[in-house]
Amino acid sequence: MKRRIAAVVLAVLCVVPFTARAAEIDMARLRCKDVLANEEQLPLILMWVDGYMSAATDNTVFSEEWMARLATHMGVYCSTHPRDTVMEAMEAMPAEVE
């Protein structure tokens, strides 16, 4: 229950700063260099990527460990591939090793 509340609070904190400017972002066109140039968007983008990937795999679990891995991957990938899109960075996410 505490994790669910923490996830909701995190989501609200990530979204609130962005509601003031209701710009639309086409995630298929958003480039890594644009994300790196505007770091305050990163939490919202990570939440979107997590949701997109979760929907594609029918995963309903929110994991802090997964979000940390995702954030690390996106940061490293975008730093080394600034011209790639966020979607390309997401698709390059290594599969989980079990």
Side-chain angles (χ1 to χ4, degrees):
M1 181 67 172
K2 288 181 183 180
R3 285 185 181 218
R4 186 174 296 160
I5 293 170
V8 170
V9 170
L10 176 63
V12 169
L13 290 176
C14 289
V15 173
V16 169
F18 301 101
T19 57
R21 55 181 165 145
E24 291 182 359
I25 299 172
D26 183 351
M27 298 303 281
R29 294 176 175 245
L30 183 64
R31 301 228 174 258
C32 282
K33 65 181 179 180
D34 300 323
V35 173
L36 296 175
N38 196 358
E39 290 184 17
E40 71 257 7
Q41 288 183 333
L42 191 54
L44 182 61
I45 291 167
L46 288 174
M47 291 298 288
W48 184 91
V49 169
D50 174 59
Y52 186 91
M53 293 177 81
S54 293
T57 60
D58 199 28
N59 179 6
T60 60
V61 176
F62 181 85
S63 164
E64 292 174 16
E65 180 181 332
W66 162 253
M67 288 302 291
R69 286 185 56 231
L70 179 61
T72 299
H73 165 75
M74 295 296 286
V76 170
Y77 187 93
C78 283
S79 294
T80 58
H81 302 88
R83 296 178 58 90
D84 285 4
T85 65
V86 169
M87 297 293 285
E88 290 169 319
M90 175 190 70
E91 290 169 2
M93 178 75 184
E96 282 191 59
V97 178
E98 296 185 37

After noting the C-alpha distance and the side-chain angles of L30 and I45, does the key distance pass the side-chain contact (heavy atoms from CB on, under 4.5 Å) rule? CA-CA 10 Å; L30 183 64; I45 291 167; 3.6 Å; yes

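With sequence neighbours excluded, the residues satisfying salt bridge (Lys or Arg N to Asp or Glu O under 4.0 Å) with D26 are R29. Partners of D84 under the side-chain contact (heavy atoms from CB on, under 4.5 Å) rule, at least two apart in sequence or in another chain, are Y77, H81, E88.
Contact of the L70 side chain with the V49 side chain is registered, since non-hydrogen atoms from C-beta on lie closer than 4.5 Å. Taking 4.5 Å as the limit, some side-chain heavy atom of W66 sits within range of a side-chain heavy atom of M53. Side-chain contact check for M87 versus M90: some heavy-atom pair is nearer than 4.5 Å. For the pair F62/D50, a side-chain contact is recorded, criterion being any heavy-atom separation below 4.5 Å from C-beta on. Counting only heavy atoms from C-beta outward, the side chains of M74 and V86 approach each other to under 4.5 Å.
Residues C32 and T85 share a closest heavy-atom pair of SG-O, 4.1 Å. Across every non-hydrogen atom of A89 and H73, the tightest pair is O-NE2, 2.7 Å.
Taken together through direct or relayed side-chain contacts under 4.5 Å among Ile, Leu, Val, Met, Phe, Trp and Tyr, M67 and M27 form part of one hydrophobic cluster. Cluster membership for V76 and V35, using ILVMFWY side-chain heavy atoms within less than 4.5 angstrom, is not shared.
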